[in-house]
Amino acid sequence: MAEKWWQRSVVYQIYPRSFQDSNGDGIGDLKGITSRLEYIRELGADAIWLSPVYKSPNDDNGYDISDYQDIMTEFGTMADFDEMLEKAHSLGLRIVMDLVVNHSSDEHKWFVESRSSRDNPCRDYYFWREGKDGKEPNNWGSCFGGSAWQYDEQTGMYYLHLFSKKQPDLNWDNPTVRDEIFKMMDWWLQKGIDGFRMDVISLISKPAGLPDGAPGANGYAPATLVANGPHVHEYLREMNRRVLSKYDLLTVGECAAVTIDEAKSYANLDGSELSMGFQFEHMDADFDPVLGRYAPQHKDLPRLKEILSRWQTALDGIAWNSLYWDNHDQPRIVSRYGSEDEKYRETSAKMLATCLHMMQGTPYVYQGEELGMTNYPWESIDQINDIESLGNYRAYREQGLMTEAEGIAMLRQRSRDNARTPMQWDAGPEAGFTTGKPWLPVNPNHVTINAAEQLKRPDSVFHYYQKLIALRKELDVIVYGHYALLEPEHPALFVYTRTLGGESLLVVCNFSENAQAYDIPEAYADAPVLIANYPDKAPAGTIRPWEAVVFHRR
Ligand code: GLC
Ligand code: CA
């Protein structure tokens with residue numbers, strides 16, 4: 001198969017609300033992004049995934065879209081978008097737009113029509129059902145807490161919303177809905193954008209008859225029970241045939257609850273569906289066995305290694321992986337698997353970057369990850385904005401599963417808002433993000449962790465990411481090498497090799513604050529070091545705290 005541009009690329013994700021404000025209203029915007037594009041170019045990324053910038057009432061910060069062909073008022077105008085796109089292209093940066101079409105906003109004209117009467121032509125664009133015995137039509141839960149059904153007075157029926165009640169699910173079984181979506185996608189592609197990141201795309205095909213599912217800890221069947229539904233691949237192939245295949249795009253599906261077998265379809269290298277998918281298994285590896293994500297973290301390195309390794313080997317030569325630690329839905333990786341301690345924060349951030357960027361797939365860097373940004377020290381529920389954190393916190397509190405203090409401690413580890421605090425540009429007021437009052441607080445640690453300081457310092461986390469990204473451009477073994485895990489049971493070391501013909505890499509990462517005894521395998525004893533997060537060589541037989549070292553043999 002001929003190489004695709006996205007196989008050697010690194011994607012930088014921007015969460016526009018928190019990236020750069022240009023007019024002092026405390027909300028990031030398109031002009032702000034345009035003013036910071038050189039920074040992303042300097043890092044070496046090839047493409048930008050832009051979280052949604054469409055018209056939205058912001059019930060879920062833009063993931064609830066009321067007009068797919070217009071720009072969110074707070075973010076600017078379509079002219080601002082065009083200017084950003086043009087400048088990005090002139091810098092050699094491609095723009096990948098978020099496509100949120102599992103659901104729309106309840107304020108989208110389709111839904112306004114749909115809810116207006118039982119026989120409206122748009123009625124069947126969404127899922128309307130009668131109640132059952134005076135209750136919801138089935139036991140499905142919303143990802144944001146409570147039932148996935150909302151009773152609507154106007155027509156006396158319920159509609160389905162796997163997310164908030166302001167995010168009604170679109171009915172992909174209706175061919176007119178697919179026509180409308182494909183037309184809209186084509187409109188953006190004609191404008192010259194370079195791809196789509198497809199929001200919860202694995203959920204678009206609901207099982208026939210919408211049957212009850214096995215209830216989880218909160219009494220509801222989890223929304224992910226609809227993942228990989230009966231027609232999902234058929235619909236994506238149709239989208240590919242009618243739209244995607246006409247352009248040279250990067251497409252990445254957010255595939256909640258995807259299995260490796262399913263991923264072989266979604267991300268097949270034959271190009272019949274998408275370029276790649278985001279799988280969630282490695283993000284779920286530290287979930288509480290009963291309460292899931294919104295509970296204190298359970299770390300288990302052998303499990304994390306097993307999952308990532310399984311994806312590396314199973315997709316090799318068949319489908320394509322995306323590689324990520326951070327995004328706008330995840331707490332910060334340094335706080336999660338690294339160290340917030342000043343002594344080791346940067347070392348651990350570099351170790352985590354090494355571990356991920358030496359794998360096969362397309363790496364994603366989420367804004368601020370390249371600085372080693374950390375979680376926020378939340379102290380009260382009033383500081384939290386995220387609808388998912390609030391919904392789950394309230395549900396647990398009502399069910400008596402957590403005290404208030406436990407709830408806050410849990411959100412400090414797990415809330416999506418940890419990723420959404422403003423980008424830390426400099427040590428000045430509000431970290432250079434805004435001249436006004438930011439919509440979410442700036443992390444007080446911006447006085448030490450910020451881009452301006454790191455750009456000046458050669459051994460910063462920023463420059464380490466820059467080097468990792470440059471290496472991917474140079475070495476085929478990073479792009480295509482076959483993966484093998486060593487030391488699967490080791491509780492603190494993540495060790496693997498990549499091999500391509502006569503060339504190979506040995507990647508050794510210490511996921512702990514303690515030195516570990518480890519002898520570098522004989523074959524690599526004299527191999528040169530490709531990249532490492534300590535300036536000097538470790539004493540023989542030792543891997544230092546949070547150390548990462550990559551040996552290159554050819
Ligand atoms: C995806 C998005 C998330 C959003 C949800 C509903 O998971 O990444 O931010 O809340 O879908 O659109
Ligand atoms: Ca603004």
Side-chain angles (χ1 to χ4, degrees), residues 13-36 49-54 56-66 68 71-77 80 97-106 108 142-145 148 160-170 196-204 222-224 226-227 252-258 277-280 283-284 293 322 324 326-331 364 366 385-392 415-420 422-423 430 433-440:
Q13 185 193 349
I14 291 181
Y15 193 68
R17 207 174 184 77
S18 304
F19 194 58
Q20 178 67 63
D21 178 22
S22 73
N23 62 353
D25 67 355
I27 298 174
D29 46 50
L30 286 165
K31 278 192 191 307
I33 294 172
T34 305
S35 73
R36 294 292 191 181
W49 152 23
L50 205 57
S51 276
V53 295
Y54 314 92
S56 165
N58 279 310
D59 192 50
D60 185 18
N61 288 342
Y63 283 90
D64 48 320
I65 297 170
S66 54
Y68 290 100
I71 298 293
M72 192 190 298
T73 318
E74 296 94 314
F75 289 176
T77 63
D80 295 336
M97 300 279 286
D98 220 309
L99 182 76
V100 188
V101 288
N102 171 70
H103 45 267
S104 71
S105 162
D106 66 336
H108 192 287
S142 146
C143 294
F144 297 160
L160 178 69
H161 61 91
L162 295 180
F163 296 89
S164 99
K165 62 175 193 265
K166 287 184 68 61
Q167 292 167 299
D169 281 58
L170 281 159
F196 290 111
R197 174 268 185 187
M198 302 184 189
D199 194 65
V200 290
I201 203 70
S202 56
L203 306 185
I204 58 172
T224 45
V226 311
V252 51
E254 189 201 20
C255 295
V258 67
F278 290 123
Q279 57 87 12
F280 279 76
M283 287 283 103
D284 301 358
R293 169 177 177 147
S322 63
Y324 73 99
D326 274 4
N327 61 41
H328 65 293
D329 293 331
Q330 299 295 339
Y364 287 73
Y366 176 69
N385 167 282
D386 169 31
I387 185 167
E388 183 183 275
S389 303
L390 293 172
N392 283 286
S415 173
R416 305 199 295 184
D417 275 350
N418 289 304
R420 299 176 180 185
M423 177 71 178
E430 309 302 356
F433 164 70
T434 181
T435 53
K437 183 176 168 352
W439 72 279
L440 204 62

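We count ligands from 1, going down the list as the structure has it; atoms in each ligand are counted the same way.
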Have a look at the Ca ion (ligand 2) and estimate, to 10 degrees, the angle subtended by OD2 (D29) and OD1 (D25).
-> 170°

State yes or no: are the ring centers of H161 and F144 separated by less than 6.0 Å?
-> no

Atom 2 (C) of ligand 1: closest protein heavy atom, distance to 0.1 Å, is D199 OD1, 3.0 Å

Among side-chain atoms of Y63 and S56, is any donor-acceptor pair under 3.5 angstrom?
-> no

Please identify which atoms of ligand 1 are closer than 4.0 Å to at least one heavy atom of F144.
-> 10 (O)

For atom 7 (O) of ligand 1, what's the nearest protein heavy atom and its distance?
-> E254 OE2, 2.9 Å

Y54 side chain reached by S66 side chain, heavy atoms, under 4.5 Å = no

Where is the nearest protein heavy atom to atom 4 (C) of ligand 1: which residue, which atom, and how far?
-> D60 OD2, 3.3 Å

By number and element, which atoms of ligand 1 are closer than 4.0 Å to a non-hydrogen atom of H328?
-> 2 (C), 3 (C), 8 (O), 9 (O)

Step through it carefully: locate the ring centre of Y324, locate the ring centre of F278, and say whether they are under 6.0 Å apart.
-> yes

Decide, counting backbone as well as side-chain atoms, whether E74 has an N, O or S atom less than 3.0 Å from the Ca ion (ligand 2).
-> no

Between the main-chain N or O of I33 and the side-chain N or O of D29, is there a donor-acceptor pair closer than 3.5 Å?
-> no

Please verify whether a non-hydrogen atom of E388 lies at under 4.0 Å from ligand 1.
-> no

Atoms of ligand 1 less than 4.0 Å from R416 heavy atoms?
-> 3 (C), 4 (C), 9 (O), 10 (O)

Quick one: does S51's side chain get under 4.5 Å of Q13's, heavy atoms only?
-> yes

Please identify which atoms of ligand 1 are closer than 4.0 Å to at least one heavy atom of R420.
-> 9 (O)

Contact with ligand 1 for M198, non-hydrogen, under 4.0 angstrom | no

Go through the side-chain N and O atoms of N58 and E74 and say whether any donor and acceptor fall under 3.5 Å apart.
-> yes

Considering only the protein, which heavy-atom contact is closest to atom 9 (O) of ligand 1, and what is its distance?
-> D329 OD1, 2.7 Å

Between D98 and W49, is any side-chain donor less than 3.5 angstrom from a side-chain acceptor?
-> yes

From the Ca ion (ligand 2) out to just under 3.0 Å, does an N/O/S atom of S22 turn up?
-> no

Scanning both residues in full, the closest heavy-atom pair of F163 with V200 reads CZ-CG1, 3.7 Å

Below 4.0 angstrom from a heavy atom of H103, which ligand 1 atoms are there? Numbered from 1 as shown, please.
-> 6 (C), 12 (O)

Between D386 and R420, does at least one N-O distance fall below 4.0 Å, as a salt bridge requires?
-> yes

Rounded to 10 degrees, the angle O of I27 makes with OD1 of D21 at the Ca ion (ligand 2) | 80°

Is there a heavy atom of Q330 sitting under 4.0 angstrom from any atom of ligand 1?
-> no

What do we get for Y15 next to ligand 1 when only non-hydrogen atoms under 4.0 Å count, side chain, backbone, both or neither?
-> neither

Would you call R416-D60 a salt bridge at under 4.0 Å N-O?
-> yes

